[in-house]
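When a ligand or atom number is given, it counts from 1 through the structure's own listing order.
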Amino acid sequence: MAKPRSEALYAEALQHIVGGVNSPSRSFKAVGGGSPVFMKRGQGAHFWDEDGNRYIDYLAAYGPIILGHAHPHVTEAICRAAENGTLYGTPTELEIQFAKMIKEATPSLDKVRFVNSGTEAVMTTIRVARAYTNRNKIIKFAGCYHGHSDLVLVAAGSGPSTLGIPDSAGIPMSIANEVITVPYNDLEALQAALERWGDDVAAVMVEPIVGNFGMVMPKPGFLEGLCAAARSNGSLVIYDEVITAFRFHYGAAQTFDGIQAPSLSAIQPDLTAIGKIIGGGLPIGGYGGRKHIMEQVAPLGPAYQAGTMAGNPASISAGIACLQALQEPGLYNRLDALTANLAEGLAAAAREHGIALTINRIRGALSTHFCDHPVTNYAEAQDTDGEQFALFFRLMLEQGICLAPSKYEAWFVTAAHTEEDIATTVAAAKRAFAVIAQRH
Ligand code: PMP
C-alpha cells in the first residue's frame, strides 16, 4: 500500500507542528517510527487516507466514534448547530437537556458540569475533592491514564505503592509528591497506601474498567473494596469514565452489570469524569457527582472552574444526537456480538500460527497482548512483546486495517462495522500472524 502523499505531508508537518502531530499518540514512535498515515475522510467504519487507500477503522479516534464516522443523525445536529451560531457565552436550553440525559443514565451524578476535554474534567474532579476534604494527596493506579494535567501525569510506572516520579518533564517534584501510585486490582497495596498517607488523601482515582493498558476488568470485589477503604479513610472516590461512559451499555461503567459486585450501590463513586463518546466526535468533557460535593464549584462554592468553550452548542448538540442514536434497541448487543466474533477469529488465527496472544474483551472493545499470561494490571501489560505488536500493527495497516499505534491501546468496534469488516480483519490477521510466526 503506497503512501507517498502521507509521507510528504508528514515531512511538511514536521517543519511546522512539533513532532508533526497534535497529540503524541498519533505518531508512530511506539511502533518503531516513520510516517503516520494522514487521513482525509471517514465514513461509517472506514476511512480513506490522502493517497486514496481505504482502511477499516478500529481506532475510532481513541474511543469517541462509537457510531462510526459521519453518522447522519450526529452530522445533522452539528450542521444545525453551525447554522444557529456555534458559541454564545451564555447558558442554553440544550445544556439542560443534555445534563438530564447524562444524569438519567448515571444515578451517582446529582449535578454535572460540561468542559472541553477529559483532561479538564479529571483535573477539576481532583480540585473539587481537595476543596471538599481539605486534603492534598491523591492515590491513583499504575498505568491508568487520566489526561495530561500535572497531577495525574505522575508515576504511571508499575512499582508497588510508589510516590512521586513525574512521567513528564516540567512537573515539579512538589506536585509529584502529592500523588501515590499503586497497582490496579491490588486492594492490599491500596490499603497499605491509605494506612501510610491516609490523613492527607483527598481521593482515590480509578478507571473502574481500565481502557489505558488494554481493556482490563476490575477483579470481583476490587471496586467495592476500594470504595469501602477510601470512605473509611474519609477520602472521596473518583471514577475516570472518560473512556468507559456509554462504552459497554447506555450509561457509565459504574452501572454496568458486567462488573461483579454484590450491589451497584457498593461501587458508586463520589465524583465521575466523563468525555469522549458523550461528545459525538466534537470536543467535550464533563464531571459530576453528589450534590453537596459538586456545590464546592464556583459560582456556588470556593473551587474555581470555568471555560470559554464549555457547554458550547455544537458539542452539546452532537452529544445529544449521539446519545439519542445510542438508544437504538439492540445496538450494544450488536457491538458485543461483532466484537465476540472478532475476538474469536483473532484467537483462532493466533493459535493456528503458534502466536501467544491474550485477548481481553469487554463488550465492543478488546485489547490484544502478545504474551501467554493474563493481563490484569499494568506490569502484566508491560510484560508483553512490543516488537511483535509493532510488526502486527504494520502488517495490519498494510492490509487496510487501522489500529492504534501502541500495544496498550484498545480496538473499538463501532455501530457501523459489519460482519464483512470483521471477516476481512480476521483474514488479514491470519496473514499477519503467518509472517510473525516465520520471523520469530
Ligand atoms: N481519562 C481517560 C481514562 C482517558 O482515556 C483520557 C484520554 N485518552 C483522558 C482522561 C483525557 O481525555 P482528553 O484526551 O479528552 O483530554
Donor + acceptor pair across side chains of Q324, H73 (<3.5 Å): yes
Electrostatic pair D270-R231, nearest N-O below 4.0 angstrom: yes
Salt bridge K100-E104, side-chain N to carboxylate O under 4.0 Å: no
Numbered atoms and elements of ligand 1 in range of D240, under 4.0 angstrom, heavy atoms: 1 (N), 2 (C), 3 (C), 10 (C)
Between E409 and S367: side-chain donor-acceptor atoms closer than 3.5 Å: no
Subset of ligand 1 atoms that lie under 4.0 Å from at least one heavy atom of G147: 9 (C), 10 (C), 11 (C)
Geometric N/O contact E207 with ligand 1, under 3.5 angstrom: no
Interfacing atoms of ligand 1 (cut-off 4.0 Å, heavy-atom, N212): 2 (C), 3 (C), 4 (C), 5 (O)
Subset of ligand 1 atoms that lie under 4.0 Å from at least one heavy atom of I243: 5 (O)
K276 to ligand 1, any heavy atom closer than 4.0 Å: yes
Per-atom contacts of ligand 1 with S117, taking only distances under 4.0 Å to non-hydrogen atoms: 15 (O), 16 (O)
Per-atom contacts of ligand 1 with T119, taking only distances under 4.0 Å to non-hydrogen atoms: 11 (C), 12 (O), 13 (P), 16 (O)
Among Y55, F47, W48, ring-ring contact (aromatic ring centres under 6.0 Å, His included) partner for H69: F47
Residue-ligand contact Y145/ligand 1, heavy atom below 4.0 Å: yes
Under 3.5 Å: N/O of G118 near N/O of ligand 1: yes
Heteroatom distance test (H146, ligand 1): nitrogen or oxygen, under 3.5 angstrom: no
Pair H369-Y408, side-chain donor/acceptor within less than 3.5 Å: no
F256 and H249 aromatic centres sub-6.0 Å: yes
Face-on cation placement of R26 at Y62 ring, 6.0 Å and 45° thresholds: no
